[in-house]
Engineer: 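I'd like to ask you about the structure that follows.
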Amino acid sequence: MDKILSRNFHHPHPLNIDEYQQAGGYRSLDSIIGQPRKELLATLKNSGLRGCGGAGFSTGLKWSFKAPDAPHPVYLVVNLDEAEPGSFKDRQVLYRDPHTIIEGVIASSYILEADKAFIFIRGEYRKGAQGLEAAVNEAKAAGLLGYNIRNSGWNLEIDVHLSAGRYICGEETALLNAIEGYRANPRAKPPFPIAKGLWGSPTIVNNVETICHVPFILHKGIEWFQNQGTNGAYGSHIFQVSGPVKNPGFFELPLGTTAREIIYEHAGGLLEGRELIGFLPGGASTQFMLPKDLDIPMHWDGPPTVGARLGTGGIIVMDDSLCPIDFMINLMQFFTRESCGFCTPCRDGLPFVKYQLEKFETGEADMTDIDTLRELCDIIYPNTFCAFAPGALMPIKSGMDKFETLFHQHIDNHGCTHPSHTPSTDAINNKVDC
Ligand SMILES: Cc1cc2nc3c(=O)[nH]c(=O)nc-3n(C[C@H](O)[C@H](O)[C@H](O)COP(=O)(O)O)c2cc1C
Ligand code: SF4
């Protein structure tokens, strides 16, 4: 597999524009700018690229929903909000190779005929945003941005926008409100942003990793892209591993690599004397997978075979020194804090879920609390305004099924007898050097 997103990471500093171009950077634009947009879009659609922000929706299909006669201005919004506990892939590209992001933004904006691109960055990635801003200025000075780019008659501006810093800002419509200067509450859908987004104009929102793949697919071709994946998947992905492993970190690997290979080969396996009891495959808002699921390929269709989802590919490993219920409480602590507060089932329901879980840890729970907890999840799950609360409940609902006996043990033992200590979500999230 060719490294794509991490191909320049071995350099001691992020490449400046001259170094980046010497390393082959921006060459893809020769085969993109000036070419018929319809053909480029068809190539992207046929490549099988799927959005890397967590849902895995076909990127080409999403872009094809933009009407050919859509009114201008058209906006591209690059989602680099990345606040999902356990996920730290996007920040690697931001801090280590900002020109790769800009190349992706130019190529994508050309296809979409976007007039302006916003790169929306998690508030804590302040230094990364400064580096990206400097790279944007270099690209502008080199004539890659601005007016009549490469005599194509097409203009593009890039705006680097630092988030005020809430998890919900990553939800695409809350993000649009944040850019417009409003409180970051999600908007009702439809209308979808592609029809009516920023200031009522057509707006395409994509994860930054998705955008970075675009120029490579168009430059090197579909066959090349599809050969980068494995076990039936296409392309590469930056997997991240946190928790009690010998070599935690991020690894760009073929999409479809098994969880076993990621955890035991690349992340070095569990710490000495520890035993794997499960893992979240793609950040905090995904469902638990168990040791028996280790050979499942980590691509969009792999984890769903055991009721989970790939999410961001940020694997959080759990070992036998950890009580899964304590871990779920820790996750709920994060989600209750990050609820935007707009709808009651999420704002008031999630703290109730956390309270119910705590009863098992402290020994106050009896058998009726298992039913109460399930009922609560079932009521909240389909009744919230956005996907935040259903995401928050994914580890809880799956944890109740996959660690069911543990809930009973906690009742029988009048509380948690596990000598565990859960790392805080900040620690899981690899604290950022701002
Ligand atoms: C609560 C919540 C938080 C989200 N946070 C992010 C995020 O930080 N980054 C991201 O790319 N997508 C995030 N998403 C998904 C976005 O709404 C959107 O689907 C995504 O940016 C689309 O990009 P893609 O098609 O390239 O995956 C979040 C969704 C929800 C419901
Ligand atoms: S589900 Fe939560 S985050 Fe989403 S709108 Fe309701 S309160 Fe806000």
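Model, not experiment: these values are computed from the prediction. When a ligand or atom number is given, it counts from 1 through the structure's own listing order. Because only heavy atoms are used, hydrogens play no part in the values below, and waters and symmetry mates are left out as well, while side chains stay in.
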Engineer: What is the nearest protein non-hydrogen atom to atom 4 (Fe) of ligand 2, stated with its residue, atom name and distance?
Structural biologist: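 Answer, as residue, atom name and distance: Cys386 SG, 2.3 Å.
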Engineer: Measure from atom 16 (C) of ligand 1 to every heavy atom in Gly53, Ser285, Gly170 and give the option owning the shortest one.
Structural biologist: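 Selected option, by shortest heavy-atom distance: Gly170.
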Engineer: For atom 1 (C) of ligand 1, what's the nearest protein heavy-atom neighbour? Residue, atom name and distance, please.
Structural biologist: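 Going by distance alone, atom 1 (C) of ligand 1 is nearest to Tyr167 CE2, 3.5 Å.
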Engineer: With heavy atoms of Val205 as the reference, note each atom of ligand 1 found under 4.0 Å away.
Structural biologist: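 With Val205 as reference, the close atoms of ligand 1 come out as 22 (C), 23 (O).
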Engineer: Check whether any N, O or S atom of Cys346, backbone or side chain, sits closer than 2.8 Å to atom 2 (Fe) of ligand 2.
Structural biologist: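 Short answer: yes, at least one N, O or S atom is under the cut-off.
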Engineer: Does the side chain of Glu209 come under 3.5 Å of the side chain of His237 through a donor N or O and an acceptor N or O?
Structural biologist: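 Looking only at side-chain atoms, His237 and Glu209 do form a donor-acceptor pair, the distance falling under 3.5 Å.
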Engineer: Given Arg122, Arg166, Glu171, Glu82, which one has a non-hydrogen atom that is nearest to atom 31 (C) of ligand 1?
Structural biologist: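 That would be Glu171.
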Engineer: Gln228 side chain to Asp2 main-chain N or O, any donor-acceptor pair under 3.5 Å?
Structural biologist: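 Flag set: sc Gln228 to bb Asp2 pair under 3.5 Å.
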Engineer: Looking at Phe225 versus Phe216, is the centre-to-centre ring distance below 6.0 Å?
Structural biologist: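 Ring centroids of Phe225 and Phe216 are no less than 6.0 Å from each other.
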Engineer: Under 4.0 Å from a heavy atom of Phe388: which atoms of ligand 2 are those, numbered in the order shown and with their elements?
Structural biologist: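 Answer for ligand 2: 2 (Fe), 3 (S), 4 (Fe).
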Engineer: Which residue owns the protein heavy atom closest to atom 19 (O) of ligand 1, what's the atom, and how far is it?
Structural biologist: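 Protein heavy atom at minimum distance: Glu172 OE1, 4.1 Å.
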Engineer: So, does Cys386 sit close enough to ligand 1 that a heavy atom of it is under 4.0 Å from the ligand?
Structural biologist: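 Not so, Cys386 does not reach ligand 1.
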Engineer: Please identify which atoms of ligand 2 are closer than 4.0 Å to at least one heavy atom of Cys343.
Structural biologist: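 Within the 4.0 Å cut-off of Cys343, ligand 2 contributes 1 (S), 6 (Fe), 7 (S).
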Engineer: May I ask you to list the atoms of ligand 1 that are less than 4.0 angstrom from any heavy atom of Ala387?
Structural biologist: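 Those atoms are 31 (C).
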Engineer: Nearest non-hydrogen atom to atom 24 (P) of ligand 1 belongs to which of Asn206, Thr59, Thr312?
Structural biologist: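 Comparing heavy atoms across Asn206, Thr59, Thr312, the nearest one to atom 24 (P) of ligand 1 lies in Asn206.
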Engineer: Is it true that the NZ or CZ of Lys3 lies under 6.0 Å from the centre of Phe9's six-membered ring and within 45 degrees of the ring axis?
Structural biologist: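 No - Lys3 does not lie over the ring of Phe9 by the 6.0 Å and 45° rule.
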Engineer: Considering only heavy atoms of Ser339, which atoms of ligand 2 have at least one such atom less than 4.0 Å away?
Structural biologist: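 Listed by number with element, the hits are 2 (Fe), 7 (S).
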Engineer: Does the ring of Tyr110 carry Arg37 above it, NZ/CZ under 6.0 angstrom from centre and within 45° of its axis?
Structural biologist: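 Ring-cation test returns yes.
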Engineer: Decide if the gap between the ring center of Phe88 and the ring center of Phe250 is smaller than 6.0 angstrom.
Structural biologist: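 Judged by ring-centre distance (under 6.0 Å), Phe88 and Phe250 do not meet the cut-off.
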Engineer: Say whether, by atom type as modelled, one donor and one acceptor occur between the side chain of Glu124 and the main chain of Gly165 under 3.5 angstrom.
Structural biologist: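 Side chain of Glu124 to backbone of Gly165: no pair is present.
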Engineer: If we set the cut-off at 4.0 Å for heavy atoms, which region of Ala55 has an atom near ligand 1: side chain, backbone, both, or neither?
Structural biologist: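 Within the 4.0 Å criterion, Ala55 makes no contact with ligand 1.
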Engineer: Any side-chain to backbone donor/acceptor pair from Thr203 onto Leu198? Under 3.5 Å, distance only.
Structural biologist: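 A pair under 3.5 Å: yes.
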Engineer: Can you check which of Asn207, Asn79, Leu49 brings a heavy atom nearest to atom 7 (C) of ligand 1?
Structural biologist: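 Looking at heavy atoms only, Asn79 sits closest to atom 7 (C) of ligand 1.
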Engineer: Hey, which atoms in ligand 2 end up nearer than 4.0 Å to a heavy atom of Ile168?
Structural biologist: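 In order of numbering, the contacting atoms are 3 (S).
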Engineer: Pick from Leu310, Leu255, Thr257: which one makes a side chain to side chain contact (heavy atoms under 4.5 Å, CB included) with Met298?
Structural biologist: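 It is Leu310; the other options fail the test.
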Engineer: Starting from atom 8 (Fe) of ligand 2, locate the nearest protein heavy atom and write down its residue, its atom name and how far away it is, to 0.1 Å.
Structural biologist: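 Of the protein heavy atoms, Cys340 SG, 2.4 Å lies nearest.
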Engineer: For Ile211, run the side chain to side chain contact (heavy atoms under 4.5 Å, CB included) check against Ile102, Val105, Ile204, Ile119 and tell me which one passes.
Structural biologist: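 The option that passes is Val105.
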Engineer: Within the structure provided, determine whether Asp30 and Arg27 are in side-chain contact (heavy-atom separation under 4.5 Å).
Structural biologist: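 Heavy-atom side-chain distance check passes, below 4.5 Å.
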Engineer: Verify, without hydrogens or angle tests, whether Arg7 (side chain) and Ile4 (backbone) share a donor-acceptor contact under 3.5 angstrom.
Structural biologist: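 A pair under 3.5 Å: yes.
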Engineer: Find all atoms of ligand 1 within a distance of less than 4.0 Å from any non-hydrogen atom belonging to Cys52, and give their numbers and elements.
Structural biologist: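 Counting atoms of ligand 1 from 1, those under 4.0 Å from Cys52 are 26 (O), 27 (O).
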Engineer: Looking at His266, is its backbone amide N or carbonyl O close enough to the side chain of Asn247 to form a donor-acceptor pair, meaning the two atoms are under 3.5 Å apart?
Structural biologist: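 Judged by distance alone, yes, a pair lies under 3.5 Å.
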Engineer: Taking only heavy atoms of Asp81 into account, list the atoms of ligand 1 that are under 4.0 Å away from them.
Structural biologist: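 Near Asp81, the atoms of ligand 1 are 8 (O).
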Engineer: Which residue owns the protein heavy atom closest to atom 26 (O) of ligand 1, what's the atom, and how far is it?
Structural biologist: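 Closest protein heavy atom to atom 26 (O) of ligand 1: Thr210 OG1, 2.7 Å.
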Engineer: One residue to check: Lys62. Relative to ligand 1, which of side chain, backbone, both or neither has a non-hydrogen atom less than 4.0 Å away?
Structural biologist: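 Looking at Lys62 and ligand 1, just side chain atoms fall under 4.0 Å.
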